[in-house]
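By convention in this document, chain letters (A, B, ...) are assigned in the order of the sequence lines, proteins followed by strands, and residues within each chain are numbered from 1.
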Amino acid sequence: MYRMEDVPDASLEELCPVCGDKVSGYHYGLLTCESCKGFFKRTVQNKKKYTCAENQECRIDKTHRKQCPFCRFQKCLSVGMRLEAVRGDRLRGGRNKFGPMYKRDRALKQQKKALIQASGFRIENNRAFINHQRGLMFTGGLLPLPILHSTALHDPESDHISYQPASRFSLLPSNSLGPTEFASLSDGADKSEYINNCASSSDGSYQPYSRPFSPQGSRMPHLVMEFMRCDPDELLLQNKIATHLLQELKDWGKGESPNTFSLMCLIADQTLFSIVEWARTSIFFTHLNVSDQMKLLQNCWSELLLLDIISRQVLYGKEGYLLLVTGQEVSYLYVSSYAGPTLASLVKRGQELVERLHILKLNRQQLACMKFFILFNPDVKQLEDHQYVESVQEQVKGALLDYTLCKSPGLLGCFAHLLLCVSELRTLSSLAEDYLYCKHLNKEMPCNNLLFEMLHAKENCA
DNA sequence: ATAGCCTTGAAG
DNA sequence: CTTCAAGGCTAT
């Protein structure tokens, strides 16, 4: 019996993010199967136009992939396959500019594997995950984790927690490129490099999400595209936070491990760092002076943190489980057994919000807008550049409205519902802050961290 | 049209 | 030289 880490090339054990078939290598930006590689090539080379007979949401898997080329191609694009990697000149052989990216992705996977080994996680067989979602708890798992393991209520036999294989997410989404790589992609006049007109904006900058074959009705406002560029990639984030967490755990000492609550604080803290980093380097925010930046972040950190958690459930989560930023899944059964009444009701309302956003079919584009909407809150007191913040929020609102109307033309209420969700989020975040503050008063909170500082900063403002 | 296998050729 | 992701070929 093979263990995952003994398999010669684990990357080939992964599944095609488009259809779930066996991966044959890197093709057009990421690991895919041979058939989707061919399909993507044919489509782009021959400039094929497909239409969907259904509602543009056909399920694409190994058996159904032939049925709707429209949805298959949509999925190709949405998981991050690159139009630019299909050569306009049909030149054969050699390498293109994606080479270094593939190399980096390999290194990342290697690192992740090492991480998983070091931490005692057992990665699940992806095939098992796709085929037997129901039975997973009993078959795939075997996961007594060092993390999330210290509460007496957790029974390792019942496998409430499982490791979430990263390959469910797009492995190399368009926005995982660094700035230098953006530059190198956009100025490519290489003879073997096919830059599609539609993939480059008029100012020459790279626009990952514009697509030449986009169906009518999903044209993306320019601003939404800008937001998407600022949006961190889930897999990179997962790696970063998992790495950090492991380091912290090592520092913690061998003997005792932190309790579940402390662990959650560590994770929240790291997430908060990533949120601040996101804001710090984002469009519009960089134009503000530091003082206003601080005020905005102190105002909305908990909303953004909560939105991060909730959106993860909507976009990637599965029923009955809480998906952590580290990729682990925690059964709600476990959560509720652990939580007191306050936390339990928070979690319940959170789940309801997840459900509402799920029904609204929240996607990453809308999420990106919501984050900016929350960040640029003109209600924050004593802003030096109040007018600017207000105008940004108006622009964000406009972009979200445009995008949402394009996306679901029939559903006028969709936009309004999203705003209602933002408002519910605000309520929940305020409750969550209260909860954390109580924890702090009871001296149950670790306090040398950003989470604690944020909690404190607001208290001083109020 | 699809998808498995083949050939090519610049980068390392 | 070897690698391996690009395009090409062809039976289904």
Whole-Å distance between B:dA3 P and A:Ile60 CD1? 11 Å
In this structure, how many angstroms lie between the P atom of B:dA3 and the CZ atom of A:Phe40, rounded? 16 Å
For the residue pair A:Val18 and A:Ile60, establish whether any side-chain heavy-atom pair is separated by less than 4.5 Å. yes
Table please: side-chain donor-acceptor pairs of residues 366-375 of chain A below 3.5 Å, with sequence neighbours left out.
| unit_1 | atom_1 | unit_2 | atom_2 | d |
| --- | --- | --- | --- | --- |
| A:Gln366 | OE1 | A:Asn363 | N | 3.2 |
| A:Gln366 | NE2 | A:Thr404 | OG1 | 3.3 |
| A:Lys371 | NZ | A:Asp231 | OD1 | 2.7 |

Between A:Asp269 and A:Leu450, is there a donor-acceptor pair closer than 3.5 Å when you use the side chain of the first and the backbone of the second? yes
Between B:dG9, B:dA3, B:dA1, which one does the side chain of A:Lys48 approach most closely? B:dA1
Expressed in angstrom and rounded to an integer, what is the separation of A:Asn46 atom CG from B:dT2 atom P? 10 Å
Heavy-atom side-chain proximity of A:Leu305 to A:Leu451 below 4.5 angstrom: yes
Could you tell me the separation between the CG atom of A:Asp21 and the P atom of B:dA3, rounded to a whole number of Å? 8 Å
So which nucleotide from B:dC6, B:dG9, B:dT2 ends up closest to the side chain of A:Arg95? B:dG9
Could you give the start and end, 5' to 3', of the contact zone on DNA chain C for chain A, using atoms under 4.0 Å from its heavy atoms? C:dT3 to C:dG8
Have A:Glu303 and A:Ser429 got a donor and an acceptor in their side chains that come within less than 3.5 Å? no
Output the rounded distance in Å from CD (A:Glu34) to C1' (B:dA1). 16 Å
Measure from CE on A:Met101 to P on B:dG12 and round the result to the nearest Å. 15 Å
Looking only at N and O atoms, is any donor in the side chain of A:Arg42 or the base of B:dA3 less than 3.5 Å from an acceptor on the other one? yes
May I ask you to check if A:Arg65 and A:Phe39 form a cation-pi contact, with NZ or CZ under 6.0 angstrom from the six-membered ring centre and within 45° of the axis? no
When rounded to whole Å, the OH to C1' distance for the pair A:Tyr102 and B:dA10 reads 14 Å
DNA chain B nearest-nucleotide lookup for A:Lys37 and A:Pro69: closer to the 5′ end is A:Pro69
Pairing of DNA chain B as dot-bracket, 5' to 3': ( ) intra-strand, [ ] crossing, | other strand, . unpaired, with Watson-Crick or G-U pairs under 3.5 Å? ||||||||||||
Between atom CZ in A:Phe73 and atom P in B:dT2, what is the gap in whole Å? 12 Å
A:Thr271 versus A:Arg312, side-chain donor and acceptor atoms under 3.5 Å: no
Can the ring centroids of A:Tyr26 and A:Phe98 be said to lie less than 6.0 angstrom from one another? no
Against A:Thr43, only a single residue in A:Lys49, A:Lys48, A:Met81 fulfils side-chain contact (heavy atoms from CB on, under 4.5 Å); can you say which? A:Lys48
